[in-house]
Trainee: 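Here it is, the structure in full.
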Amino acid sequence: MKVAIASDHGGINIREEIRSLLEELNIPYEDFGCDCETSVDYPDYALPVAQKVASGEFDRGILICGTGIGMSISANKVKGIRCALVHDVFSAKMTRAHNDSNVLAMGERVIGPGLAREIAQTWLQSDYEGGRHAKRLKKLTEIEESGQ
Ligand code: RB5
């Protein structure tokens, strides 16, 4: 598994925590910034990660901003992305099992680094269940393809 990560200025500390988690788990990753603490625009950092996951260059993406909301909205604009905004461990597991989410978004002004680490680890290590969920994902793809 290869993971692409990024944050805006509001998510730098959790991004650092996620880097250390990925290193500990021996999961290859690439960090797409941001590289400074001055104010940046979250779509500029969500887009490259989402595109690289959608293209298959990376298997999963992790995005952090102040609330996680801007990052999740941005990532979900990219065709093929199912980005879940998660702030608890139960949802981290369930969004893999039921939604096959391929991008995880979190907010650094919402949760601390310890919980973010637990969420990311659970999300990375949980599998999609398929079965009855597959027809729902197919409907999501149909919405995307219809251009609505
Ligand atoms: C930046 O101030 C903030 O708006 C951003 O990090 C994020 O919370 C947006 O959803």
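Both ligands and their constituent atoms are indexed starting at 1 by order of listing. Quick note: numbers below take in every heavy atom, side chains included, and nothing from hydrogens, waters or symmetry partners.
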Trainee: Has Lys2 got more than 12 heavy atoms of other residues, nucleotides or ligands less than 6.0 Å from its NZ?
Mentor: yes
Trainee: Do we see a donor-acceptor contact under 3.5 Å between the side chains of Arg82 and Thr95?
Mentor: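 No pair is found: no donor N or O on one side chain lies under 3.5 Å from an acceptor on the other.
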Trainee: Considering only NZ, NE, NH1 and NH2 on the basic side and carboxylate oxygens on the acidic side, decide whether Lys79 and Glu144 come within less than 4.0 Å.
Mentor: no
Trainee: What protein heavy atom lies closest to atom 4 (O) of ligand 1? Include the residue and the distance to one decimal.
Mentor: Tyr42 CE2, 4.4 Å
Trainee: If you count the atoms of ligand 1 from 1 in the order shown, which ones are under 4.0 Å from a heavy atom of Thr67?
Mentor: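 Selected atoms, number and element: 7 (C), 8 (O), 9 (C), 10 (O).
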Trainee: So is His9 touching ligand 1 or not, going by heavy atoms under 4.0 Å?
Mentor: yes
Trainee: Sub-3.5 Å donor-acceptor pair from the side chain of Ser146 to the main-chain atoms of Ile143, do we have one?
Mentor: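 Checked: pair present.
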Trainee: Identify, for atom 3 (C) of ligand 1, the protein heavy atom at the shortest distance, and state residue, atom and that distance.
Mentor: Arg109 NH1, 3.8 Å
Trainee: Do Ile18 and Val89 share a hydrophobic cluster (ILVMFWY, side-chain heavy atoms under 4.5 Å, transitive)?
Mentor: yes
Trainee: Hey, which atoms in ligand 1 end up nearer than 4.0 Å to a heavy atom of Gly66?
Mentor: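 Listed by number with element, the hits are 5 (C), 6 (O), 7 (C), 8 (O).
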Trainee: In terms of residue, atom name and distance, what is the protein heavy atom nearest to atom 5 (C) of ligand 1?
Mentor: Asp8 OD2, 3.2 Å
Trainee: Looking only at protein heavy atoms, identify the closest one to atom 10 (O) of ligand 1 and say how far it is in Å.
Mentor: Gly70 N, 2.8 Å
Trainee: Would you say Arg96 and Ser101 make side-chain contact, with heavy atoms under 4.5 Å?
Mentor: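 When only atoms from C-beta onward are counted, Ser101 and Arg96 do touch, with a gap below 4.5 Å.
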Trainee: What protein heavy atom sits nearest atom 7 (C) of ligand 1, and how far away is it?
Mentor: Cys65 SG, 3.3 Å
